[in-house]
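Below is one structure, written out as structure tokens; comments come after it.
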Amino acid sequence: MKALLDRARSFRRRVDFESDEYRKLAVGQFPEALFITCSDSRVIPALITGARPGEIFELRNAGNIVPPHDAYGAASGEAATIEYALEVLGVQDIVVCGHSHCGAMGALKYRADLSGLPRVDAWLDYARPALAPVLSDGGGADGPATGVSAVSDDPALREVVQLNIRNQLAVLREYPVARQQLDAGRLRLHGWYYEIDTGTIHELDEDGGFEVHGS
Ligand code: ZN
């Protein structure tokens, strides 16, 4: 933590806050996209996209899950963030980005014992039912998972992560505020699968497959 703290304390000296770019930030934020991704520390949206401060509005949680808009009444951090992004910030693009080696998806895929992590277990219930067709049958020992936080790059896990991306986009489409913007042609949804060890982005195509574009 010391290195992080030292860098935080020197941040204001390492950045030119008198520059036009930073002075504009005091006027307001005008992000181009809402980026929904996993809390995983290896996924850094600004690094991947080259975004500058003010360009990306982020929503992060374990497994890049979008709970149903009415999942837990009025108090939903996810619903509030999505509503704010669309209604106040006027964001016209939403990216749901899953990633390789995902501990949350690995826990589902390999049916990890989550008895010691009841909150994680309950949270993953938002993603679990729709993934049932691609989850393992065994009791946690049939896959390469070595724990909830360390999962190898199993091709079968990729299938789960990519299906989860499609599923979360489907939930997002059911948000009244998103539905309204989609119907009006003012909102585009994007699915990305990010490989943390190669930096490759696989983009969801209209046919439901994931493709690598560009070089
Ligand atoms: Zn993850």
Side-chain angles (χ1 to χ4, degrees), residues 4 33-49 51 56-68 71-72 76-79 81-82 85 93-136 138 140-172 189-204 208-212:
L4 296 176
L34 168 61
F35 202 97
I36 301 173
T37 192
C38 188
S39 298
D40 194 298
S41 60
R42 299 164 294 183
V43 181
I44 310 294
L47 199 61
I48 296 168
T49 62
I56 289 182
F57 199 63
E58 292 183 31
L59 172 57
R60 307 190 65 161
N61 58 46
N64 42 272
I65 292 168
V66 180
Y72 27 52
S76 161
E78 284 76 18
T81 302
I82 292 164
D93 291 90
I94 301 179
V95 179
V96 173
C97 179
H99 68 99
S100 66
H101 306 76
C102 182
M105 291 300 108
L108 288 176
K109 169 65 185 167
Y110 308 115
R111 299 186 188 277
D113 177 9
L114 297 175
S115 55
L117 299 171
R119 302 290 181 182
V120 172
D121 195 23
W123 173 248
L124 293 179
D125 269 343
Y126 286 122
R128 191 179 272 121
L131 292 173
V134 294
L135 300 184
S136 302
D142 62 333
T146 55
V148 175
S149 66
V151 177
S152 71
D153 192 19
D154 177 7
L157 178 60
R158 173 181 298 208
E159 183 185 23
V160 174
V161 173
Q162 293 187 346
L163 178 56
N164 184 56
I165 293 166
R166 289 194 288 268
N167 290 343
Q168 301 314 316
L169 286 167
V171 175
L172 194 52
L189 302 183
H190 311 265
W192 289 6
Y193 172 80
Y194 174 64
E195 289 180 6
I196 60 168
D197 53 338
T198 68
T200 307
I201 297 286
H202 302 244
E203 299 170 51
L204 180 62
F210 282 82
E211 300 292 336
V212 177

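First listed ligand is number 1; within each ligand, the first listed atom is number 1.
- Between Lys109 and Glu159 there is no salt bridge, since none of the side-chain N atoms of the basic residue sits less than 4.0 Å from a carboxylate O of the acidic one.
- Shortest non-hydrogen contact noted between Thr198 and Thr200 is OG1-OG1, 2.8 Å.
- With a cut-off of 2.8 Å, the protein N/O/S atoms near the Zn ion (ligand 1) add up to 3.
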Query raised in the report: Would Tyr110 and Asp154 satisfy side chain to side chain contact (heavy atoms under 4.5 Å, CB included), going step by step from the backbone distance to the final call?
Result: CA-CA 11 Å; Tyr110 308 115; Asp154 177 7; 2.4 Å; yes
Worksheet item: Please walk me through it: do Asn61 and Glu78 pass side chain to side chain donor-acceptor pair (under 3.5 Å)?
Response: CA-CA 9 Å; Asn61 58 46; Glu78 284 76 18; 3.3 Å; yes
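- Evaluation of the side-chain contact (heavy atoms from CB on, under 4.5 Å) rule for Leu204 yields Arg166, Leu169, Phe210 as partners, not counting sequence neighbours.
- The only option from Thr81, Ile36, Val43 that meets the side chain to side chain contact (heavy atoms under 4.5 Å, CB included) definition with Arg60 turns out to be Val43.
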